Amino acid sequence: MNDKFLKPYDPLETEPKIYKLWEESGYFNPDNLPERHKTPYTIVMPPPNVTGILHVGHALGLTLQDLMIRYQRMQGKKTLWLPGTDHAGIATQSKVEKEIKKNENKSRFDLGREELVHRVEAFAKQSHDTIISQTKVMGASCDWSREAFTLDEKRNLAVRTVFKQMYDDGLIYRGHRIVNWDPKGQTTISDDEVVYEERDAKFYTFKYSKDFPISISTTRPETKVGDTAVAVHPDDTRYQEYIGKEYDAVFCGVPIHIKIITDKEVDKEFGTGALGVTPAHSKIDWEMGQKNNLPVVQVIDEKARMMVGDERILGKKTTEARDIIVEWLKSENLLEKEESVKQNISTAERTGGIIEPLPKLQWFIAVNKPFKIKNSNITGIKTGEETTLKEIMTNVVKNGQTNIIPDYFNKTYFHWIEKLGDWCISRQIWYGHRIPVWYKGTELYCGTEAPKEDGWIQDEDTLDTWFSSGMWTFSTLGWPEKTKDFEIYHPTDVLETAYDILFFWVARMILMTGYVLGDIPFKNVYLHGMVRDAKGRKMSKSLGNNIDPVEMSTKFGTDAERITLIVANTPGTDFKISEDKIRGYKNFANKIWNVTRFVLSNIEGFDVNEKPEIVAENQKQIDELNETIKDITKDIDEYRFYMASEKIYHYFWHNFADIIIEQSKAPIFGTDEKAKKSAQWTTYHILINSLKLLHPFMPFVTEEIWGNLPHKNKKLLMIEEWPA
RNA sequence: GGGCGGUUAGCUCAGUUGGUAGAGCAAUCGCUUUACACGCGAAAGGUCACAGGUUCAAGUCCUGUACCGCCCACCA
C-alpha cells in the first residue's frame, strides 16, 4: 500500500496531477477512445460569456455535463463534449466600454470602431484564458482539441451562410419599426433583453389646450408633443360626437394636429377613457397609427433628448422636459389631476439604460411568415412543405423529438412561443458578427462575401449575439462544411443549461436548427436552477455573497464541491449552497480515502485477481451491491442525478463502511482462512465497484485511488466499464 | 392581468405508476472501540399549508382557499 494513504486525502495536491493525467491520455477526444466506444454521445457545452470569470452557476452546469459525459464514456459511448466560449456582443462590449469610461473618460465614439474592437478582443482573450483554466479546475473532461468560439472564423462563415439563406427565403427582412432603443448602450435590443423595474411615477390628466374637448392621461407628458391622435373606445358614449373630427392645438409651444379615432384596445374605465396616441414612441400607438394612417412624428432622439419645441424643451433630456411641460400645464391651468402610481419601466438588461421606444430601420427575423422548408426530419412537417419558424419551434417540442426536463417547462416554452413576435437581430454595436449586407446608393446586396465591384459599403450593424449562439450545436461541428464530425455527432444528445435562458437560447437553437437543417439540435434539454446563497438570495457583487467555485475547490476539493452541487438538486429548481454544505462532502471524500486504506492494508498477501469461494454472508452483500448498481444506473439514465448521488453516498458510507467493513473485521482478523479470503475479496470487489459508481460524481479522488489499486488489467478509471 | 412552480422533521430538500412518512445537516446523549474524531454508536424529532372530494387506502389523484417564489404581459 502506498504510504500516502496513511495521511488524510489531499485534493489540492492530487487534482492538478490527475487532470494532467487525463489530458495526456487523450481520452477527452472521442477519436482516441478504445475500440469498444462506438455509439456517439454528444454534449455541446453552453459557451460561457467572455465577460470575466466563472461563477458557481457555471460550476453546476459543468459538473452536470461532466457527470453525464463520464457516465456515458464508462458505458462505452463515443463521447464528445465540445467546449467553447461566447463573444456575447453587448455584454462584453459594454463591460469594456465601462472600463474605458472609468479609466480614460472616453466613449467608444472617441476611440472609433477599429480601436474599440481591438480593446474588446484583448479583454475577451484574457477572460477566455481565465475561463478555460477554471473549467479545467472543475475536472471537465471536454475535448479541447475541438474548442470553438462564437466569433471565430468558422462560426462567422456559418453565420453569413445562414443569414443569406434566410434573407433569400424572405425570413430576414429590413423594416422600419418601433424598436427597443437603449440610449445608454446606443443600440437596439430584442424584447427578451428588456427587463422591467418597478418605480414610482406620476400619472397626469390634462388637456392639450384650452379648447381641446377631451382630457387624456399619461405618465410621459413630454411625448405628447408627438401625438397625432386621440383614441377612444368605439362604444364610449361620452365621446361619440368627436369621433372622426380633427383639431389643432399648440402644446407647450409645439403645434400638433390631433384626429379623434376609435380603437377597441382602449379601456373605457382607465383614466379618462381617452388615449393620446404617440405613434413614434409607443409600440401600441404605432400599431394604431398604422391602422389609421396616422402621421409618425418622432420627437425624441437616440440620446433620449427632445427633438422639437422651443428653447424651453428643445435638446433637453426627456425627464427634464417632462417637468417643464408639467409646469407649463399648471401655469396654463390645463392640468386636472396628478396621481402617484407604481409603474414598471423598461430597462436594458446589460447596460441598465431606460428603454426609449423609437421608430428605426432594422433587420428582423419573421417568425410567422410561411416558407417552404427544403429538408425536414421534423415530425409533422414534410420536406418541401410550407411552414413557419414558429411552427417548427412548436412541433419539435410538442411531438417529443426534443424532450425538456423537467417537463413542466414545456408549458412555459409554448406560452412564450405563442406571444413571440418578429425578432430584431441588428445591433448598433461593433463587437460581433457584421451583417453580411452591402449598400450602393439605393441598391442592396446580401451575400456571404462582399461584392467584387467598388463602391459597396457594408452595413454598420452587428448581429444579436443569440443569432450565432443559436447555431452552436452545428456550427461547432464544422457546418456549413460537410464534416465527419457533423455527420457523426449531430443531433446532440443533451443540452444542459440554466432555465433562465430557455427563451434566449434554447428556443433560438431549435429555431435555427429547424430552419437550417430541418432537424433538432438536441434530443434532451436538462434545465438546472439558479444557484443561490444559504439564505436563498441571488449572488451578487453588491451583496458580497458570491461563492467562487475555484476558491471552493481550493478549500474543500473539487470533488466535494461537485457532489454538493448534485445531491438534492432537482432540475428546474433553485438551489441553495453554502460553505458548510461543501465541507460536509469534503469529509465524504476523506471517507472514501480511509475505506481504501482499510481495504488495502488488509489484503496484504492476498491475490485480488483470484476469486475465492464466497461465503453466504458475503454473497448477500454482493447481491445487495448489484441491486444498488442497477438502481443508480436507472436513476442516471432517467436524469435523476440528485437521487443517484444520494444513493451512492448513502450506500458507500452507511452500508459499505458502517456495516460491511465492520462485519468483515471478524473474519479478516480471525483464523478461518476461507472466511477471511471471502471477506478480503468481497471488500475489494465492493470498493472497486463503488469507485466506478462514484467516478462521474467525484472523478479526482476516485481516479487517484484507482491508480494505486493492485488488480490486473487496469485502465484509467475514466474509461473503465460501468458496472452492471 | 395571464402562466408556472412551491408549501413534508429546527434548516436544506427527497418521496418515480396511490399501499404503515425519508435523507443530509443542525441539535441531544454516549464513545480516544485494533481504516477514519474529516470519526463511531444511540436516541429524539412531522395532524405532509388549509378545506372539501374520489378510493378499501391520499404527502401522492380531483376541486377550492391562503401564503411564498418565478416567468410573461405592461393600463396608455
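Reminder, nothing fancy here: chain letters follow the sequence lines and each chain counts from 1. Since this is a predicted model, take the numbers as computed values, not measurements.
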field: Touch class at under 4.0 angstrom, heavy-atom based, for Ile284(A) against every strand present
entry: sugar-phosphate

- prompt: Within less than 4.0 Å of OP1 or OP2 of G24(B), is there a side-chain N or O belonging to His654(A)?
  reply: yes

field: Span that lies between the C1' atom of G10(B) and that of U16(B), in whole angstrom
entry: 29 Å

task: Tell me what Lys586(A) touches on the nucleic acid: a base, only sugar-phosphate, or nothing, going by heavy atoms under 4.0 Å.
output: base

- prompt: Would you say a side-chain N or O of Lys647(A) is under 4.0 Å from OP1 or OP2 of A23(B)?
  reply: no

Non-hydrogen side-chain atoms of Glu561(A) and Leu565(A) separated by less than 4.5 Å: yes

message: Would the distance check show the side chain of Thr278(A) and the main-chain N or O of Lys224(A) forming a donor-acceptor pair, the cut-off being under 3.5 Å?
response: no

message: Please pick, from C38(B), A76(B), A73(B), the nucleotide with the shortest atom-to-atom distance to any side-chain atom of Asn344(A).
response: A73(B)

query: Just how far, in rounded Å, is C1' of A73(B) from NE2 of His415(A)?
result: 9 Å

message: Taking donor-acceptor contacts at under 3.5 Å, does the side chain of Asn590(A) reach the base of C36(B)?
response: no

task: Measure the shortest side-chain to side-chain distance between His528(A) and Phe575(A) over non-hydrogen atoms and say whether it is less than 4.5 angstrom.
output: no

- request: Identify whether any heavy atom of Leu502(A) sits under 4.0 Å from a base atom; if not, whether one sits that close to sugar-phosphate; answer base, sugar-phosphate or nothing.
  value: nothing

message: Heavy atoms from C-beta onward define the side chain here; which of A35(B), A76(B), C13(B) lies closest to that of Phe669(A)?
response: A35(B)

Atom pair distance, as rounded to whole Å: NZ in Lys268(A) and P in A76(B): 20 Å

message: Any strand counts, and the cut-off is 3.5 Å on both contacts for Watson-Crick or G-U wobble. Which nucleotide pairs with U17(B)?
response: none

statement: Quick note, Thr412(A) side chain, CB onward, closest among C72(B), C4(B), A76(B) is C4(B)

task: Send over the distance from Glu265(A) CD to C74(B) P, rounded to a whole Å.
output: 11 Å

- prompt: Do Phe697(A) and Tyr649(A) come close enough that some side-chain heavy atom pair is under 4.5 Å?
  reply: no

field: Per Trp653(A) side chain, nearest of listed nucleotides A73(B), A35(B), C40(B)
entry: C40(B)

statement: Looking only at A76(B), U16(B), C72(B), the nucleotide nearest the Arg640(A) side chain is U16(B)

statement: Pairing partner of U65(B), by Watson-Crick or G-U wobble and under 3.5 Å for both distances, is A49(B)

- prompt: Considering only side-chain heavy atoms of Thr219(A), which listed nucleotide, C40(B), A76(B), G24(B), is closest?
  reply: A76(B)

message: Does Arg220(A) reach a base, just sugar-phosphate, or nothing at all? Heavy atoms under 4.0 Å.
response: nothing

message: Can you confirm whether or not the ring centre of Trp681(A) sits under 6.0 Å from the ring centre of Phe606(A)?
response: no

task: Compute the centroid of each ring, for Tyr208(A) and then for Tyr247(A), and state whether the two points are separated by less than 6.0 Å.
output: no

- prompt: Would you say Ser678(A)'s side chain and Ala675(A)'s backbone share a donor-acceptor pair under 3.5 angstrom?
  reply: no

Check: Arg597(A) side chain, Phe5(A) main-chain N or O, donor-acceptor pair, under 3.5 Å: yes

query: Which nucleotide in the list U12(B), A73(B), C4(B) gets nearest to the side chain of Lys581(A)?
result: U12(B)

task: Using a cut-off of strictly less than 4.0 Å, decide whether Tyr196(A) has a side-chain nitrogen or oxygen near OP1 or OP2 of C74(B).
output: yes

- request: Assess whether atom CD of Glu198(A) is packed by more than 12 heavy atoms of other residues, nucleotides or ligands within 6.0 Å.
  value: yes

- request: Look at the side-chain N and O atoms of Lys665(A) and state whether any lies under 4.0 Å from the OP1 or OP2 oxygen of U34(B).
  value: no

- prompt: Hey, does His281(A) reach any base, or is it just sugar-phosphate, or nothing, if we go heavy atoms under 4.0 Å?
  reply: nothing

field: Separation of atom CG in Asn655(A) from atom P in G22(B), rounded to whole Å
entry: 17 Å

Candidate nucleotides A23(B), U16(B), G5(B), ranked by approach to the side chain of Glu646(A) - the nearest: A23(B)

Distance between C1' atoms of G24(B) and U60(B) (Å, rounded): 23 Å

query: What is the distance, rounded to the nearest whole Å, between atom CD of Glu349(A) and atom P of C72(B)?
result: 10 Å

Any-strand Watson-Crick or G-U partner of C40(B), both distances under 3.5 Å: G30(B)

query: Which part of the nucleic acid, if any, lies within reach of Ser346(A) when heavy atoms closer than 4.0 Å are counted: base, sugar-phosphate only, or nothing?
result: nothing

message: Using atom P in both nucleotides, what's the gap between A57(B) and G46(B) to the nearest angstrom?
response: 26 Å

U7(B) versus C62(B) - spacing of their P atoms, nearest Å: 15 Å

- request: Give a yes or no on whether the backbone of Leu294(A) and the side-chain of Asn292(A) come within a donor-acceptor separation of less than 3.5 Å.
  value: no

task: Hunt down the Watson-Crick or G-U wobble partner of C70(B), both distances under 3.5 Å, from any strand shown, or write none.
output: G3(B)

Euclidean distance, atom NZ of residue Lys283(A) to atom P of A73(B) [Å, nearest integer]: 9 Å

- request: Please state how far atom OH in Tyr499(A) lies from atom P in C72(B), giving the value in whole angstrom units.
  value: 11 Å

- request: Starting from P on C13(B), measure out to CG on Asp574(A) and report it in whole angstrom.
  value: 9 Å

query: If you check the Phe503(A) side chain, which of G24(B), C38(B), C71(B) turns out closest?
result: C71(B)

message: Please report the distance separating the P of A43(B) from the corresponding atom of G30(B), rounded so that it comes out in whole Å.
response: 15 Å

Pairwise P distance, G52(B) and G39(B) [rounded to whole Å]: 47 Å

message: Students often get this wrong, so: under 4.0 angstrom with heavy atoms, is Tyr642(A) touching a base, only sugar-phosphate, or nothing?
response: sugar-phosphate

query: When we call it a touch if two heavy atoms are under 4.0 Å apart, what does Tyr649(A) touch: a base, just sugar-phosphate, or nothing?
result: sugar-phosphate

message: For a quick check of understanding: with a heavy-atom distance under 4.0 Å over all strands, which category does Ala657(A) fall into, base, sugar-phosphate or nothing?
response: base

- prompt: Given the P atoms of A14(B) and U55(B), what is the spacing between them in whole Å?
  reply: 32 Å

message: For a quick check, tell me whether the side chain of Lys591(A) and the base of C36(B) share a donor-acceptor pair closer than 3.5 Å.
response: yes

task: Would you please confirm or rule out a distance under 4.0 Å between OP1 or OP2 of C13(B) and any side-chain N or O of Asn569(A)?
output: no

task: Give one of base, sugar-phosphate or nothing for Phe575(A), where a contact means two heavy atoms less than 4.0 Å apart.
output: nothing

message: For a quick check of understanding: with a heavy-atom distance under 4.0 Å over all strands, which category does Ser601(A) fall into, base, sugar-phosphate or nothing?
response: nothing

- request: Sticking with atom C1', work out how far G3(B) lies from A73(B), rounded to a whole angstrom.
  value: 10 Å

message: Can you tell me which nucleotide in A76(B), A35(B), C13(B) comes closest to the side chain of Arg597(A)?
response: A35(B)

base_contact_polar (A35(B) base, Glu662(A) side chain, donor-acceptor, <3.5 Å): yes

query: Is the shortest side-chain N/O distance from Thr278(A) to OP1 or OP2 of A76(B) below 4.0 Å?
result: no

query: For A57(B), which nucleotide is its Watson-Crick or G-U wobble mate, given both distances must be under 3.5 Å?
result: none

- prompt: Contact class for Asp658(A) vs. all strands (heavy atom < 4.0 Å): base, sugar-phosphate, or nothing?
  reply: sugar-phosphate

